[in-house]
Amino acid sequence: MSSTRRAATLPVAFFDRPAEIVARELLGTLVVSTAGSRTAGRIVETEAYLGRDDPASHGYRNRRHARNEALFGPPGTWYVYLSYGMHWCANLVCGAEGQASAVLLRALEPVNGLETMRERRGVTADRQLCSGPGQLCQALAITRDLDGALMERSAVKVFGSEGAGPPPAVVTPRIGITKAADWPLRFVVEASPWTSRGVPAQ
DNA sequence: GCGCCGATTGGCT
DNA sequence: GCCAATCGGCGCC
């Protein structure tokens with residue numbers, strides 16, 4: 001094989017593992033949205049939600065309803081929901097089908113289509129384009145349209161970084177939740193300037 | 001049916 | 001640091 005391989009979309013097997021493992025290994029991968037004008041960003045912050053045994057998970061105690069149906073789908077499925085009635089949040093389902101565990105995308109380093117992102121976000125500062133789960137969905141035009149779609153076949157794909165492994169990461173408690181708030185399931189690229197605000201000072 | 005609350009954000013004190 | 005905006009799901013009983 002050639003030494004210059006092209007990065008490929010992450011296979012289903014990548015997601016068929018515990019969410020905390022996937023959350024860690026998603027750091028450094030590239031999210032490419034072809035919903036409208038092409039935009040892309042590198043993942044710098046994620047959170048794992050562990051499904052039926054995680055009080056903070058939408059799949060806690062196997063609660064199923066129309067809104068979170070995608071969460072119970074096969075690994076590699078997008079789960080997109082509306083937060084606080086205003087902001088979309090994008091997750092990738094992990095583990096076996098029915099387990100309802102997933103990884104929330106919390107922040108990206110903007111890589112492509114920054115001008116499009118600025119228009120969609122209504123801001124000019126690069127730091128404010130994708131530094132939050134709601135922000136990155138707006139920048140990449142991610143809405144309910146993506147909910148339930150398999151990543152590989154959807155308008156928003158995730159590409160692995162060939163060669164280099166994930167960058168050094170810091171693990172912290174999850175942000176903005178009240179239940180199981182102390183569980184160390186948030187993963188942040190070390191010293192990245194692109195993470196969401198609210199990073200614990202520590 | 002009603003009221004509360006949330007995996008957020010941005011503007012204001 | 002505090003808080004309103006805004007809407008869908010949930011528990012209530």
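Since this is a predicted model, take the numbers as computed values, not measurements. Residue numbering restarts at 1 for every chain, and letters A, B, ... go by the order of the sequence lines.
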> To the nearest angstrom, how far is A/R61 atom CZ from C/dG9 atom P?
Replying inline: 19 Å
> Hey, can you pull the residues of residues 78-94 of chain A with a non-hydrogen atom under 4.0 angstrom from DNA chain C?
Replying inline: A/Y84, A/G85, A/M86
>> Taking only side-chain N and O atoms of A/Q135, does any of them lie within less than 4.0 angstrom of OP1 or OP2 on B/dG10?
In response: yes
>> Suppose you measure atom P in B/dA7 against the same atom in C/dG11; what distance do you get, rounded to whole Å?
In response: 14 Å
> Taking only side-chain nitrogens and oxygens of A/T178, does any of them come within less than 4.0 Å of OP1 or OP2 of B/dG6?
Replying inline: yes
> B/dA7 P sits how many Å from A/R186 CZ, rounded?
Replying inline: 15 Å
>> Distance check needed: B/dA7 P versus A/E45 CD, whole Å only.
In response: 16 Å
> B/dG6 P sits how many Å from A/R63 CZ, rounded?
Replying inline: 17 Å
> Mind pulling the stems DNA chain B is in, i.e. runs of at least three Watson-Crick or G-U pairs, everything under 3.5 Å?
Replying inline: B:1-6 with C:7-12, B:8-12 with C:1-5
> Looking across every strand, which nucleic acid part, if any, lies under 4.0 Å from A/R64 by heavy atom: base, sugar-phosphate, or nothing?
Replying inline: nothing
> How long is the line joining NZ of A/K179 and C1' of B/dC4, in whole Å?
Replying inline: 12 Å
> Which part of the nucleic acid, if any, lies within contact of A/R67, taking any heavy atom under 4.0 Å across all strands shown: a base, the sugar-phosphate backbone alone, or nothing?
Replying inline: sugar-phosphate
> Applying side chain to side chain donor-acceptor pair (under 3.5 Å), which residue pairs with at least one partner in residues 109-118 of chain A are found, sequence neighbours left out?
Replying inline: A/E115-A/R118, A/R118-A/D126
>> Assess the residue pair A/R106 and A/T46 against the criterion (side chain to side chain donor-acceptor pair (under 3.5 Å)); give the C-alpha distance rounded to whole Å, side-chain angles, the decisive distance to 0.1 Å, and a yes or no.
In response: CA-CA 5 Å; A/R106 283 198 56 91; A/T46 58; over 6 Å; no
> According to the side chain to side chain donor-acceptor pair (under 3.5 Å) rule, which pairs have a member within residues 80-91 of chain A, sequence neighbours left out?
Replying inline: none
>> Once side chain to side chain donor-acceptor pair (under 3.5 Å) is applied, what residue pairs with a partner in residues 48-57 of chain A remain, sequence neighbours excluded?
In response: A/E47-A/Y49, A/D54-A/R174
> Could you state the CD-C1' distance from A/E47 to B/dG6, rounded to the nearest angstrom?
Replying inline: 14 Å
> Quick one: CG on A/L108 to OG1 on A/T195, what's the gap to the nearest 0.5 Å?
Replying inline: 11.5 Å
> Looking at A/K157 and A/E152, does any basic side-chain N land under 4.0 Å from a carboxylate oxygen?
Replying inline: no
>> What is the separation between atom CG on A/D147 and atom P on C/dG9, rounded to the nearest whole Å?
In response: 11 Å
> Under a 4.5 Å cut-off applied to non-hydrogen side-chain atoms, are A/M151 and A/V158 in contact?
Replying inline: yes
>> Between P on B/dA7 and CH2 on A/W183, what's the gap in Å once rounded to a whole number?
In response: 14 Å
Identify all side-chain donor-acceptor contacts of residues 12-32 of chain A below 3.5 Å with residues at least two apart in sequence or on another chain.
residue : atom : partner : partner atom : Å
A/R17   : NE   : A/F14   : O            : 3.1
A/R17   : NH1  : A/E25   : OE1          : 3.4
A/R17   : NH2  : A/F14   : O            : 3.3
A/R17   : NH2  : A/E25   : OE1          : 3.1
A/R24   : NH1  : A/P167  : O            : 3.3
A/R24   : NH2  : A/P167  : O            : 3.2
A/T29   : OG1  : A/L26   : O            : 2.6

> Do the side chains of A/M117 and A/L140 get nearer than 4.5 Å, heavy atoms only?
Replying inline: yes
